[in-house]
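The first residue of the sequence shown is numbered 1, and numbering continues consecutively from there. Because the structure is a prediction, the values reported are computed rather than measured.
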Amino acid sequence: MSALIDGKAAAARVLAEVGSDVLTLKASGIAPALAVVLVGQDPASQVYVRNKVLRAEECGIRSLEHKLPTETKESALLALIHSLNADAGVHGILVQLPLPAHIDETRVLQAIDPLKDVDGFHAENVGGLSQGRDVLTPCTPAGCLRLLQDTCGDLAGKHAVVIGRSNIVGKPMAALLLKAHCSVTVVHSRSANLRELCRQADIVVAAVGRPRLVDAEWLKPGAVVIDVGINRIEEGGRSRLVGDVDFDSALTRASAITPVPGGVGPMTIAFLMKNTLTAARLQHPATGLPQPSVENPA
C-alpha cells in the first residue's frame, strides 16, 4: 500500500515555523504585512482570499484586503499596486487571479515590486529562479518540493518527471527540482511516449488539469507521486474534486502519493505565508537576523 502524503499536516508544520519566525521578526521591530487585492466577485477567488487572510492571521502576519468592483479600470488597479509598492509597511502583494477580461494580467503582475511579489510571478523572479539567484519562488512548486523532501529526504540523483509546462507550476517545479540535483524531464501535450517517459521516474509531479489522466500504468513501482491537479467532476450524481492522477489506481503502484483534496492545496497557502515572511526579511537586511535562502524552501 502507498503511504499518503499528508499536505494538511505538512502545511501546519510550515505555518508553525512561520509563526515562530514572525515573532522573532516582530521583536526586531518589523511586523510582516500582506496586501491581498481582489477584483470582482468570482466565488472561488473570494474563498481563496478568505483562506489566505485566515492563515495570515494564524501566523501573526497582518493582512490588508483591497476588494475592488469588477468594472475597476486597469489604470486604477495599477495605481493601487504602485501605492502598495511605495508603502514600507507592506511586505507582500498578492493580486488574486483571474482578473476581469478587460485587465491585462501580465501588465499587472509586472507592476508589483519583485521584492514584494509573494506569488513569484514577476519576470525578474522567474528569471532569477532559472539562474539560481535568491528570489521569491511560486508557492505551489515550493510547497511540492517541501513535500518531496519531507517524504524522500535527499533528492539528489533521482529522476523526476513533471507533467505540464505552465508558468505557475510546471516550469518553476522543474527549476526547483534541478536545484535539488534531480534529473528532470518535462512532458506535455506535444510530448511523444508520455507513459514510457513517466514509467522511468522516481518522482512524478502531475500538473495539467486533466482529471485522472495518470493511472498505475504510467508509474514505475515505488514512484513518489505529487498530484497538483484540482478538477471538479460529476460522478454518481454528485460533484466531487479529483486530481490529475487516478488515485485508486496509483495506490497500487506508488510508494507515496498526495490525495486530492488535502495534499498540495494546503501547502500553497502555507508557502504564501512563508514567502511573505521571506519578503519582509529581504526588505530589511539590517535587522541582524539570518537572511533566508528562498531558492531552497526546505
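- Exactly one residue among V225, L213, V204, V245 makes a side chain to side chain contact (heavy atoms under 4.5 Å, CB included) with W218. That residue is L213.
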For this session: May I have the step-by-step check of side chain to side chain contact (heavy atoms under 4.5 Å, CB included) for V161 and Q200, ending in yes or no?
Result: CA-CA 8 Å; V161 169; Q200 301 171 24; 5.9 Å; no
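- Listed by first then second residue, pairs satisfying side-chain hydrogen bond (donor to acceptor under 3.5 Å, both in side chains) with a partner in residues 184-196 read H159-T185, not counting sequence neighbours.
- Evaluated for a side chain to side chain contact (heavy atoms under 4.5 Å, CB included) with N231, the options V260, D244, L241 yield exactly one hit, D244.
- As a member of the Ile/Leu/Val/Met/Phe/Trp/Tyr network built from side-chain separations under 4.5 Å, I233 groups with V242.
- Under the 4.5 Å side-chain contact rule for hydrophobic residues, L64 and V108 share a cluster.
- Contact detail for V126 and G120: the closest heavy-atom pair is CG2-O, 3.8 Å.
- Residues satisfying the side-chain hydrogen bond (donor to acceptor under 3.5 Å, both in side chains) criterion with N167, sequence neighbours excluded, are K171.
- Note on residues 85-98: pairs passing side-chain hydrogen bond (donor to acceptor under 3.5 Å, both in side chains), not counting sequence neighbours, are K52-Q96, H91-H284.
- For R240, the side-chain hydrogen bond (donor to acceptor under 3.5 Å, both in side chains) criterion is met by E235, not counting sequence neighbours.
- Residues near V47 contribute nothing to a hydrophobic cluster around it, because no ILVMFWY side-chain heavy atom sits closer than 4.5 Å to its side chain.
- When all heavy atoms are compared, the tightest approach of A192 to L197 is O-CD1, 3.6 Å.
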For this session: Show your reasoning for whether salt bridge (charged side-chain N to carboxylate O under 4.0 Å, His left out) applies to D202 and K220.
Result: CA-CA 7 Å; D202 304 304; K220 177 171 110 176; 2.6 Å; yes
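- Within the 3.5 Å criterion, the main-chain N or O of R212 finds no donor-acceptor partner in the side chain of D246.
- Looking only at distances, no side-chain donor or acceptor of T258 sits under 3.5 Å from a matching main-chain atom of G263.
- Among residues two or more places apart in sequence or in another chain, the side-chain hydrogen bond (donor to acceptor under 3.5 Å, both in side chains) test is passed with T268 by T140.
- Following chains of ILVMFWY side-chain contacts shorter than 4.5 Å, one can reach L147 starting from L178, so the two form part of one hydrophobic cluster.
- The stretch residues 108-120 participates, sequence neighbours left out, in these side-chain hydrogen bond (donor to acceptor under 3.5 Å, both in side chains) pairs: D117-N125.
- Although no hydrogens or angles enter the test, the distance criterion places no donor-acceptor pair under 3.5 Å between the side chain of S20 and the main chain of E17.
- Note on V264: it does not cluster hydrophobically with I230, by side-chain heavy-atom contacts below 4.5 Å among ILVMFWY residues.
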Sequence neighbours left out, cut at 3.5 Å: what donor-acceptor pairs do the side chains of residues 247-254 make with other protein atoms?
residue: S249; atom: OG; partner: A216; partner atom: N; Å: 2.9
residue: T252; atom: OG1; partner: S249; partner atom: O; Å: 2.6
residue: R253; atom: NH1; partner: A216; partner atom: O; Å: 3.3
residue: R253; atom: NH1; partner: L219; partner atom: O; Å: 2.9

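- Follow the hydrophobic side-chain contacts under 4.5 Å out from L272 and you never reach Y48; the two are in separate clusters.
- For E105, there are no salt bridge (Lys or Arg N to Asp or Glu O under 4.0 Å) partners, not counting sequence neighbours.
- Checked against side-chain hydrogen bond (donor to acceptor under 3.5 Å, both in side chains), S45 has the following partners two or more places apart in sequence or in another chain: D42.
- Q41 places no side-chain N or O within donor-acceptor distance of the main-chain N or O of P69, the cut-off being under 3.5 Å.
- Judged as a side-chain hydrogen bond (donor to acceptor under 3.5 Å, both in side chains), the pairs with a partner in residues 57-72 (not counting sequence neighbours) are, in order, R55-E58.
- In the displayed structure, R210 atom CZ is contacted under 6.0 Å by at most 12 heavy atoms of other residues, nucleotides or ligands.
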